[in-house]
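When a ligand or atom number is given, it counts from 1 through the structure's own listing order. Atom set for the values below is all heavy atoms of this structure, side chains included, hydrogens, waters and symmetry mates excluded.
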Amino acid sequence: MKKIAIIGAGFAGLLTGYYLQKKGYQVTVYEKNIRIGGKCFSLVKSGDILELGCVVGASKKLLQLMDELDIKSGNRYHYRSFATTQGKRVPQIASNTIEKFKSQYHRLPHILKKYEKVLREPGLRNIPADLCVSFEKFCFSNQLEDLLPLFSPPFTAFGYGHLDRIPAIYVLKHLDMQTIKCFIENRRLISFPKGASELTNKIADKLQDIRFNVEVKKITGGKVVNIETSVESEAFDAVVLTSTIGEDKLINTKLSQHMLSYRHMYYNVLIYEATEELKTVMYFREHFKQNEGEILLAFNMNPVGEKKYIAGYSYGKLHISKLKEIMDRDMKRAGLKTEFLVAHKQWKNFPHVLSKVLSEKFYDKIHKEQGINGVYFAGGLTCFSSLDKLTEYSKYFVQKFF
Ligand SMILES: Cc1cc2nc3c(=O)[nH]c(=O)nc-3n(C[C@H](O)[C@H](O)[C@H](O)COP(=O)(O)OP(=O)(O)OC[C@H]3O[C@@H](n4cnc5c(N)ncnc54)[C@H](O)[C@@H]3O)c2cc1C
């Protein structure tokens with residue numbers, strides 16, 4: 001039986017490991033933390049679930065996986081509101097652009113038709129030049145600029161970056177027509193009543209060999225792949241990386257040259273206990289720029305429980321004391337009644353590359369080099385980093401390469 005090592009026990013690593021194990025491989029998952037789940041991270045406080053990471057999903061494939069794992073999806077509507085920094089409600093689409101918005105929204109599926117194959121295929125390959133430019137540029141060159149306020153809330157406020165910088169392919173992969181409709185029509189999104197960690201815990205239950213608190217320090221590719229960790233060394237037939245590691249830690253594999261190209265977004269979540277319930281998901285579009293620490297989105301973390309919690313999300317690699325200072329100010333200014341900070345987490349979110357690297361066929365090169373000397377990239381290194389896309393890609397990856 002072939003031995004495969006997986007680096008990272010986040011959603012992608014666990015799911016890839018699960019599919020490999022189902023196919024008969026002997027899988028070992030290495031996790032540098034003392035817990036599994038990565039960005040699926042639900043804190044439980046007196047029975048209330050506080051999500052420090054992932055909150056919702058949208059795809060049928062994710063629902064199918066949840067069925068397979070016997071996980072029930074919640075029936076939660078996510079009513080949205082848009083507010084100024086002073087908390088004054090504003091429409092998502094300005095009334096003087098609504099007619100243009102409607103006609104552009106109507107045209108969108110026709111424009112996307114020519115990219116149907118690349119948008120439908122799992123992962124990120126064969127990306128045409130017009131989807132390598134920023135999403136904003138793509139919109140302007142297709143006279144779709146009035147759709148930007150539709151895409152920015154579930155993209156920028158969800159930690160995936162700014163639409164004038166992030167290539168169009170990522171936005172269109174994440175927010176396909178079905179998902180964007182969920183956001184327009186306030187349709188039900190998939191939520192996790194027992195926490196997103198239930199997903200990763202249940203996948204982990206199916207895996208035989210997970211090693212905790214073990215940081216992979218060096219991977220040497222070859223006929224036999226040698227993995228050196230903070231604890232020991234072991235030989236495998238292949239290794240699958242689902243997270244970036246320093247390029248100097250990847251020896252004797254062509255894939256190492258790509259490590260340095262990945263960019264991330266620093267994305268922060270601060271969860272407060274509150275005295276008043278927040279009834280909607282509240283977006284602050286004035287902050288969808290580059291300003292570090294400013295609140296992008298406020299979210300009711302505990303809609304069914306007695307205690308009230310509000311989470312605020314922001315960008316920036318600031319110290320928590322500074323982040324809290326700005327978040328306190330913004331919550332107060334918006335009239336949100338928070339009491340004290342309960343939990344917080346700064347994430348390095350969304351591995352991606354920028355337009356120039358993307359247009360040099362970044363993901364196609366990786367695809368070609370997969371498996372050379374036993375080393376593979378998967379998860380967010382080769383597909384869009386959301387539960388929906390990781391679910392789809394992990395299955396495809398195992399079918400394609402193993
Ligand atoms: C605040 C927040 C909210 C989000 N909300 C949503 C949402 O609502 N819906 C959605 O679909 N997505 C959401 N996302 C994104 C989603 O959570 C991620 O795309 C997904 O969880 C990533 O899973 P992953 O396994 O690829 O990576 P990760 O979860 O980052 O897992 C990688 C794992 O690898 C481990 N690791 C790294 N280096 C090493 C090493 N050298 N040795 C051993 N282990 C290592 C890490 O410790 C980690 O456990 C959100 C993200 C954040 C930060």
Is the gap between the ring centers of Phe384 and Tyr160 under 6.0 Å?
yes
More than 12 non-hydrogen atoms from neighbouring residues, nucleotides or ligands closer than 6.0 Å to NZ on Lys3, yes or no?
yes
Exactly one of Lys389, Arg120, Lys181 clears salt bridge (Lys or Arg N to Asp or Glu O under 4.0 Å) with Asp176, and that residue is Lys389
Which protein N or O atoms sit under 3.5 Å from any N or O of ligand 1? Give atom names and distances.
| unit_1 | atom_1 | unit_2 | atom_2 | d |
| --- | --- | --- | --- | --- |
| ligand 1 | 8 (O) | Val55 | N | 3.0 |
| ligand 1 | 8 (O) | Val56 | N | 2.9 |
| ligand 1 | 8 (O) | Val56 | O | 3.3 |
| ligand 1 | 9 (N) | Val56 | O | 2.5 |
| ligand 1 | 11 (O) | Leu387 | N | 2.8 |
| ligand 1 | 19 (O) | Ser385 | O | 2.8 |
| ligand 1 | 19 (O) | Ser385 | OG | 2.8 |
| ligand 1 | 25 (O) | Phe11 | N | 3.1 |
| ligand 1 | 25 (O) | Ala12 | N | 2.9 |
| ligand 1 | 29 (O) | Lys39 | N | 2.7 |
| ligand 1 | 30 (O) | Lys39 | NZ | 2.8 |
| ligand 1 | 41 (N) | Val216 | O | 3.4 |
| ligand 1 | 42 (N) | Val216 | N | 3.0 |
| ligand 1 | 44 (N) | Lys32 | N | 3.0 |
| ligand 1 | 47 (O) | Glu31 | OE2 | 2.6 |
| ligand 1 | 47 (O) | Asn33 | ND2 | 3.4 |
| ligand 1 | 49 (O) | Glu31 | OE1 | 2.6 |
| ligand 1 | 49 (O) | Glu31 | OE2 | 3.1 |

One pair to check against ring-ring contact (aromatic ring centres under 6.0 Å, His included): Phe135 and Phe155. What are the steps and the verdict?
CA-CA 11 Å; Phe135 185 67; Phe155 197 86; 7.7 Å; no
Option from Asn213, Thr229, Val239 for which side chain to side chain contact (heavy atoms under 4.5 Å, CB included) with Tyr30 holds:
Thr229
Strictly distance-based, threshold 3.5 Å: is any side-chain N or O of Asp330 a donor or acceptor partner for the main-chain N or O of Ile295?
yes
